[in-house]
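Take a look at the structure set out below.
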Amino acid sequence: MMQVTGAGNGESRIVLTKPVTLEGESDIDYTAPNPLRLVLSLFKNVMPGSDLSRFQLPPIFNIPKSQLQCFGESVYCIATDMLSRCNGGKSPQDRFIAVTAWSISTLRPVIFGVAPYNPVLGETHHVSSGNLNVLLEQVSHHPPVSALHATDERENVEMIWCHHPSPKFHGTSVEAEVLGKRQLKLLNHGETYVMNSLNLLIRFLPGPGTDWVGKVKIQCQETGLEAELCFRSNSFLWRRGNHRSVKGKIFDSSSLQTLYEIDGHWDRTVGVKDISNGKLTIIYNAKEVISGLNAPIVKDPKEVWPTESAMVWSDVSQSILSKDWEKAREAKKVVEEKQRELLRERDSRGETWIPKHFTVSHSKEGGWDCSPIQKWVPPAPIVVPL
């Protein structure tokens with residue numbers, strides 16, 4: 001499903017496409033011809049260990065949306081209301097298990113050989129899904145830092161993310177470490193859950209593929225509960241058993257006693273076993289949660305901000321969808337040159353760019369941190385049909 005709003009009416013165009021779901025399924029073919037050969041040719045002059053955060057991809061390697069939209073989709077494009085389950089848990093342990101399942105639900109398959117656009121400074125993405133209002137802003141360009149604020153006033157739930165991807169080339173692979181923290185606040189219970197993000201591994205050899213890898217730690221200081229989750233990848237095609245596997249435990253941080261064991265695959269099902277009685281419960285079913293997802297639609301075009309991601313990149317996205325690569329290159333060049341021009345203007349006036357929706361801080365010890373300026377995210381002119 002694709003929506004193009006405003007084309008031909010003298011209005012700015014807004015291009016929205018369906019999110020990628022399980023196994024990279026989509027109603028649009030994003031795959032470039034012979035992607036492995038193209039990718040290897042792209043990196044032939046890049047040295048192992050190089051930082052790729054400033055690396056610009058030609059449009060043939062892009063999917064028609066920015067990284068800002070992809071971050072947002074992992075929150076608002078979901079077929080099951082996982083947040084309500086978090087808030088509705090009767091005990092601290094019930095809520096912690098639900099938060100763990102929600103954390104897993106934010107993972108999405110990544111298509112090998114293509115990537116979203118690098119967001120421009122000040123780019124925003126504002127979408128509502130039911131009572132959940134989500135707002136993202138690109139608060140830094142070099143290095144790239146994205147901030148997310150999502151609120152549900154009915155459930156009294158708040159989400160604050162700060163993401164800083166740092167991709168590096170390793171010869172036969174690219175690994176993007178996603179720095180920053182995620183917070184989920186269940187305000188009715190006075191609980192804040194803090195967690196990190198996984199790394200994205202893009203593997204060229206021995207077989208091309210993409211995987212989310214690494215360890216996620218989830219902590220709730222108010223209840224003293226913690227989780228440690230390990231996400232693994234198999235680089236060997238003949239050993240598929242651990243592909244997209246997740247294993248871990250939930251434990252009491254004061255006594256270090258393990259309360260639950262977690263085991264499964266994030267693209268299939270994940271179960272939790274109660275150590276006290278051996279009972280096994282399925283807490284996450286990927287087919288139910290991230291299949292058949294709908295693309296957002298524009299409810300009120302006049303209320304869409306000029307900084308909206310789907311508007312900033314609309315000409316590039318439309319050209320990619322039409323496979324008009326020359327036009328896509330020109331349109332992408334226009335967006336990037338405008339970014340450089342604005343930077344030159346600020347430098348000439350001695351101005352420093354200030355984010356509109358977040359207060360941003362940075363330190364060597366704590367890295368990047370983003371705090372929303374507004375208490376509640378307002379309803380958006382772009383909505384996800386339920």
Hey, does [Y] have a side-chain heavy atom less than 4.5 Å from the side chain of [X]?
X	Y	result
Phe96	Ile218	yes
Asp315	Val334	no
Thr307	His357	no
Arg108	Leu293	yes
Glu226	Lys217	yes
Asp267	Pro109	no
Ile275	Leu259	no
Leu198	Val178	no

Nearest heavy-atom neighbours spanning [X] and [Y]:
X	Y	answer
Leu135	Phe358	O-CZ, 4.0 Å
Pro19	Lys65	CA-NZ, 3.8 Å
Cys86	Leu186	O-CD1, 3.6 Å
Leu256	Ser253	CD2-O, 3.7 Å
Pro381	His126	CD-ND1, 4.0 Å
Val139	Trp353	O-CZ3, 3.3 Å

Short side-chain to backbone donor-acceptor contact, [X] and [Y], under 3.5 Å:
X	Y	result
Glu222	Thr192	yes
Ser317	Ser314	no
Ser255	Gln257	yes
Thr151	Val377	yes
Glu153	Asn131	no
Asn196	Lys215	yes
Ser140	Pro143	yes

Legend entry - Residue from His125, His164, His163 passing ring-ring contact (aromatic ring centres under 6.0 Å, His included) with Phe71: His163
Approximate separation, where rounding is to 0.5 Å, of [X] [atom1] and [Y] [atom2]:
X	Y	atom1	atom2	value
Leu229	Ile104	CG	CD1	5.5 Å
Leu184	Glu191	CG	CD	10.0 Å
Asp347	Arg340	CG	CZ	13.5 Å
Leu225	Ile250	CG	CD1	7.5 Å
Asp263	Thr269	CG	OG1	9.0 Å

Legend entry - Steps toward side chain to side chain donor-acceptor pair (under 3.5 Å) verdict (Ser146, Gln138): CA-CA 5 Å; Ser146 306; Gln138 191 69 9; 2.6 Å; yes
Salt bridge [X]-[Y], side-chain N to carboxylate O under 4.0 Å:
X	Y	value
Arg203	Asp211	yes
Glu330	Lys333	no
Arg85	Glu155	no

Inset, instruction - Under the salt bridge (Lys or Arg N to Asp or Glu O under 4.0 Å) rule, what do Glu341 and Lys338 come out as? Steps first, then yes or no, please. - result: CA-CA 5 Å; Glu341 183 182 341; Lys338 184 178 180 181; over 6 Å; no
Inset, instruction - Identify which one of Val335, Asn62, Leu68, Ile14 satisfies the side chain to side chain contact (heavy atoms under 4.5 Å, CB included) criterion when paired with Trp313. - result: Val335
Inset, instruction - Show your reasoning for whether side chain to side chain donor-acceptor pair (under 3.5 Å) applies to Tyr117 and Ser309. - result: CA-CA 10 Å; Tyr117 319 126; Ser309 183; over 6 Å; no
Legend entry - Residue Gln183 excluded, over 12 heavy atoms near CD under 6.0 Å: yes
Inset, instruction - Would you indicate whether Ile354, at its atom CD1, is surrounded by more than 12 heavy atoms from other residues, nucleotides or ligands within a distance under 6.0 Å? - result: no
Inset, instruction - Determine the sole option in Lys279, Gln93, Lys249 for which the side chain to side chain donor-acceptor pair (under 3.5 Å) test with Tyr260 is passed. - result: Gln93
Does any donor atom in the side chain of [X] or [Y] lie under 3.5 Å from an acceptor atom in the other side chain?
X	Y	value
Ser66	Glu123	yes
Ser128	Asn133	yes
Thr223	Arg95	no

Inset, instruction - Measure the acute angle between the ring planes of Phe112 and Phe204, then classify it against the limits of 30° and 60° as parallel, tilted or perpendicular. - result: perpendicular
Inset, instruction - If the plane angle is over 60° it's perpendicular, under 30° parallel, otherwise tilted; pick one for Trp368 and His362. - result: tilted
Legend entry - Residue pair Glu73, Lys18: steps toward the salt bridge (Lys or Arg N to Asp or Glu O under 4.0 Å) verdict: CA-CA 10 Å; Glu73 286 178 353; Lys18 179 181 176 181; over 6 Å; no
